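Data block below; observations after.
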Amino acid sequence: MYPNICYKTLSSYAGTIKTNPRELANAALSVSLKEVQSTSALVQKFSKGRDLRPREAGAIRDCVETIKDSVDDLQQSLAAMKDLKGPEFEWKMSDILTWVSAALTNEDTCMDNFEGYGMNVKIKDTVRGCIVRVSQLTSNALAFINKLKY
């Protein structure tokens, strides 16, 4: 869905991926995980701010939790992708799709917390910008995972 960010973030993996759809899905998932971890660290940093208004503090606190859940979901997905073969293939694929979809939902939930007024514009724009990027990367990873053969 997001070809520009896809090309920018995955072109350096071309030598590893070659024409292997599973390697492509793994690379996309890894890139998404790294970006979610980076965003998590940024949101954690904002959560320690002393001048936060109650609405900002609540949004950031909720975002810290949902992004942490996204990290966990993507880590589980990557681990399952390493052992994606055998008679349990369909079951493992189902788990992976569920976890990546949950990560995407968590990212969207975090972004929703920053809707409306009463927020520091710098914090709001920074967090939302990071979350949009993470969501695009996770969406691309989900698309590649969906293309793997059952």
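Each residue takes its place number in the sequence, starting with 1. What you see is a predicted model, and the numbers here were worked out from it, not measured in a lab.
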Pairs satisfying disulfide (SG to SG under 2.5 Å), at least one member in residues 33-129, at least two apart = Cys63-Cys110
Would you check if the side chain of Ser40 reaches a backbone N or O of Val36 as a donor-acceptor pair within less than 3.5 Å?
-> no
Side-chain contact test, heavy atoms from C-beta onward, threshold under 4.5 Å: evaluate it for Asp125 versus Phe114 and give yes or no.
-> no
Minimum side-chain heavy-atom gap Asn140-Leu10 below 4.5 Å = no
Between Leu29 and Phe144, is any pair of side-chain heavy atoms under 4.5 Å apart?
-> no
Compare all side-chain heavy atoms of Gln136 with those of Met1 and state whether any distance is below 4.5 angstrom.
-> no
Indicate every side-chain donor-acceptor pair of residues 72-86 with a distance under 3.5 Å to a residue at least two apart or in another chain.
| unit_1 | atom_1 | unit_2 | atom_2 | d |
| --- | --- | --- | --- | --- |
| Asp73 | OD2 | Asn106 | ND2 | 3.3 |
| Ser77 | OG | Asp73 | O | 2.9 |
| Asp83 | OD2 | Lys92 | NZ | 3.0 |

For the student: nearest non-hydrogen atoms of Leu52 and Ser47, plus distance = CD1-O, 4.1 Å
Provide the closest heavy-atom pair for Ser135 versus Glu107 in the form atom of the first, atom of the second, distance.
-> CA-OE1, 3.3 Å
Can you name the residues that form a salt bridge (charged side-chain N to carboxylate O under 4.0 Å, His left out) with Arg61, not counting sequence neighbours?
-> none
Are Val127 and Ile60 joined in one hydrophobic group, where the rule is that I, L, V, M, F, W and Y side chains link up if heavy atoms are under 4.5 Å apart?
-> yes
Whether Thr109 side chain and Thr105 backbone form a donor-acceptor pair below 3.5 Å | yes
For Ser139 and Leu104 the tightest heavy-atom approach is N-CD1, 4.2 Å
Should Arg133 and Thr9 count as side-chain neighbours, where that means a heavy-atom distance under 4.5 Å?
-> yes
Can you measure from CG (Leu148) to CD1 (Ile96) and round to the nearest 0.5 angstrom?
-> 8.0 Å
Side chain to side chain contact (heavy atoms under 4.5 Å, CB included) between Asn26 and Tyr13: does it pass, once the steps are laid out?
-> CA-CA 10 Å; Asn26 265 325; Tyr13 294 88; over 6 Å; no
Same apolar cluster: Leu42 and Ile123, side chain cutoff 4.5 Å | yes
Charged N to carboxylate O under 4.0 angstrom, Arg128 versus Glu115?
-> yes
Shortest non-hydrogen contact from Met111 toward Ile131 | CB-CG2, 3.6 Å
Is Tyr2 reachable from Leu142 through a run of I, L, V, M, F, W or Y residues, each pair having side-chain heavy atoms under 4.5 Å apart?
-> no
Are Ile5 and Val134 linked, directly or through other ILVMFWY residues, by side chains that come within less than 4.5 angstrom of each other?
-> no
What distance separates Ser101 OG from Ile145 CD1, expressed to the nearest 0.5 Å?
-> 8.5 Å
Determine the minimum heavy-atom distance between Asn120 and Arg53, stating which atoms define it.
-> N-NH1, 4.0 Å
Does Trp91 share a hydrophobic cluster with Trp99, counting links as ILVMFWY side-chain heavy atoms below 4.5 Å and allowing steps through other members?
-> no
Between Thr39 (side chain) and Glu35 (backbone), is there a donor-acceptor pair under 3.5 Å?
-> yes
Can you tell me how far the CG atom of Asp112 sits from the CG atom of Asp62, to the nearest 0.5 Å?
-> 11.0 Å
One should read off an interatomic distance between Phe89 CZ and Ser94 OG, to the nearest 0.5 angstrom, of 11.5 Å
Test Asp51 against Glu56 for side chain to side chain contact (heavy atoms under 4.5 Å, CB included), laying out the working first.
-> CA-CA 9 Å; Asp51 299 331; Glu56 293 165 348; over 6 Å; no
Looking only at non-hydrogen atoms, find the nearest pair between Ser70 and Ala103 and report the distance.
-> OG-O, 2.9 Å
